[in-house]
Protein chains: 2
Amino acid sequence: MDRRQRKTRDAIFNAFSRLLSKKNYNQISVQEIIDEANVGRTTFYAHFETKDFLLKSLCEELFDHIIDTAMGMPHSHSRLTCGLEADSVFLHLLRHLQENDLNILALLSSENNEIFLRYFKSNLKKLIVSQYAEKGRLKKSNLPEDYLVNHISSSFVEAVSWWITRKMKETPEQITEYFLATVDMLAL
Amino acid sequence: MDRRQRKTRDAIFNAFSRLLSKKNYNQISVQEIIDEANVGRTTFYAHFETKDFLLKSLCEELFDHIIDTAMGMPHSHSRLTCGLEADSVFLHLLRHLQENDLNILALLSSENNEIFLRYFKSNLKKLIVSQYAEKGRLKKSNLPEDYLVNHISSSFVEAVSWWITRKMKETPEQITEYFLATVDMLAL
DNA sequence: TTAATACAAAACAAACTGTTCGGTTTTATT
DNA sequence: AATAAAACCGAACAGTTTGTTTTGTATTAA
């Protein structure tokens, strides 16, 4: 990828993150973004069709980043599903979040966390299906697998959200413990 | 309240709901709302400061409506906390949702459900605190009460969301069963 | 060096926002 | 029934945002 492209792309992402840490997504205009990023109007629209696409791209990029660094498998989180113990996956994710990536925290803090967390959750579902469901590690219950996977994903995302909004006072291990305490009779 | 006020207020609410069932909240403009509601521009802003306030008002109104009709306690859901069995509260809520109030479904279906559900959830938390926590009916655990209440509320809201997005194929009783299966070892 | 590509700056029409003004209809009061 | 208050409408407004186009410059890869 052209050095120039990567440069403006990053400039836009960073500007966007900075703005997200100050105000709501809805209240941010493209104008503000290009001002903050010091980038031409034309350039912005050459990179991102709309503000929504920018957000989506940022989420994708951050999710890939989280997964890659948390798992130590650069450039291929499609291999996520291979040979990792379940709780260590969750623990790794939490540990990585604790390392305070500026961009990630901007997306997770305050009003905007739902945007990223929705994206996060949908990817988490896939992960859980491949990690648990396909390998028959969900405890048998009367619940539809669909429902169960959604419940577990939500519970984890909610745990993360709860943790972040309260300034991450607990350790990742503690949060993992909380999380498992609510779902470990359903799956492990 | 002046009949005229109630009338335009309803017209705006209904128009807004109709639009919400078609497109995203973000993509709806005030212009569209007042066109759909057949209401003057000035009138809209006399009623609602911004689009966000309109949304908030609609959520409040619908939540009150759900609570009132589900509990049969018109005009006072502050007395919600008196003498109702816990699971019947959930069941009542689900039964009421099944009666297909147009406005509520508009807020719950598709892309927009998070908006109302966040509001729903925060009220649910209060309800759970007063129903369970204050009466010592949360099973003892290592979890902070805060965390537990959030988990239970989220689980219910997620259950509702799951139910609705899949066209409410199950009965309210069935969903209550699913919900309780995931949390009844934590509280009852 | 050359040709492609990424960028900037400015201008553009179209739409949206929130407010103001003058005038009309409805409601509650007497 | 008469009147005053309140709610409404329509039009116009300045300001902002959006997404596109155009013209020209700088950077990159070949």
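Quick caveat, the model's predicted, so the values are computed rather than measured. Here is the naming used below: chain letters follow the sequence lines, and residue numbers restart at 1 for every chain. The basis for the numbers below is simple: all heavy atoms, side chains too, and nothing from hydrogens, waters or symmetry mates.
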| request: If the plane angle is over 60° it's perpendicular, under 30° parallel, otherwise tilted; pick one for Phe116(B) and Tyr119(B). | output: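 Aromatic pair Phe116(B)/Tyr119(B) classed parallel.
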| query | For residues Asp52(A) and Tyr25(A), is any side-chain donor paired with an opposing acceptor at under 3.5 Å? | reply |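 The answer is yes; a qualifying pair exists.
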| request: Please list, chain by chain and in numerical order, all residues satisfying ring-ring contact (aromatic ring centres under 6.0 Å, His included) with Phe156(B), sequence neighbours excluded. | output: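 Expected list: Phe90(B), Phe179(B).
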Expected output: side-chain [X] to main-chain [Y] donor-acceptor under 3.5 Å:
X: Thr176(A); Y: Pro172(A); value: yes
X: Trp163(A); Y: Glu170(A); value: yes
X: Lys22(A); Y: Ser17(A); value: no
X: Asn24(A); Y: Asn26(A); value: no
X: Ser130(B); Y: Lys126(B); value: yes
X: Asn150(B); Y: Asp146(B); value: no
X: Ser57(B); Y: Phe53(B); value: yes
X: Lys125(A); Y: Ile152(A); value: no

| request: Treat primed atoms plus P, OP1 and OP2 as sugar-phosphate and everything else as base, then score nucleotides 12-21 of chain C 5' to 3': B for base contact with protein heavy atoms under 4.0 Å, S for sugar-phosphate contact only, - for none. | output: ----SBBBBB
How many Å lie between [atom1] on [X] and [atom2] on [N], as a whole number?
X: Arg6(B); N: dA6(D); atom1: CZ; atom2: C1'; result: 17 Å
X: Ile34(B); N: dA11(D); atom1: CD1; atom2: P; result: 12 Å
X: Asp35(B); N: dA11(D); atom1: CG; atom2: P; result: 12 Å
X: Leu54(A); N: dT18(D); atom1: CG; atom2: C1'; result: 15 Å
X: Glu36(A); N: dT17(D); atom1: CD; atom2: P; result: 15 Å
X: Gln5(A); N: dT5(C); atom1: CD; atom2: C1'; result: 8 Å
X: Asn38(B); N: dC8(D); atom1: CG; atom2: C1'; result: 12 Å

Atom pairs, N/O to N/O, protein against nucleotides 13-16 of chain D, distance under 3.5 Å?
none

Scan nucleotides 23-30 of chain D against the protein and return all N/O pairs shorter than 3.5 Å with their distances rounded to 0.1 Å.
unit_1, atom_1, unit_2, atom_2, d
dT27(D), O2, Arg4(A), NH1, 3.1

| field | Pairing residues for Glu36(A) by the side chain to side chain donor-acceptor pair (under 3.5 Å) criterion, not counting sequence neighbours | value |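 With neighbours one apart ignored, the set is Arg18(A).
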| Does His47(B) place a side-chain N or O at less than 4.0 Å from the phosphate oxygens OP1/OP2 of dC8(D)? |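 For His47(B), the contact criterion (side-chain N or O under 4.0 Å from OP1 or OP2 of dC8(D)) is met.
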| said: Can you confirm if the aromatic rings of Phe13(A) and Phe48(A) lie within a centre distance of less than 6.0 Å? | reply: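 That pair passes the under 6.0 Å test.
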| message | How bent is the helix from dT1(C)-dA30(D) to dT30(C)-dA1(D), measuring the angle between the end axes built from five pairs each, rounded to 10°? | response |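 Both end axes considered, the difference amounts to 40°.
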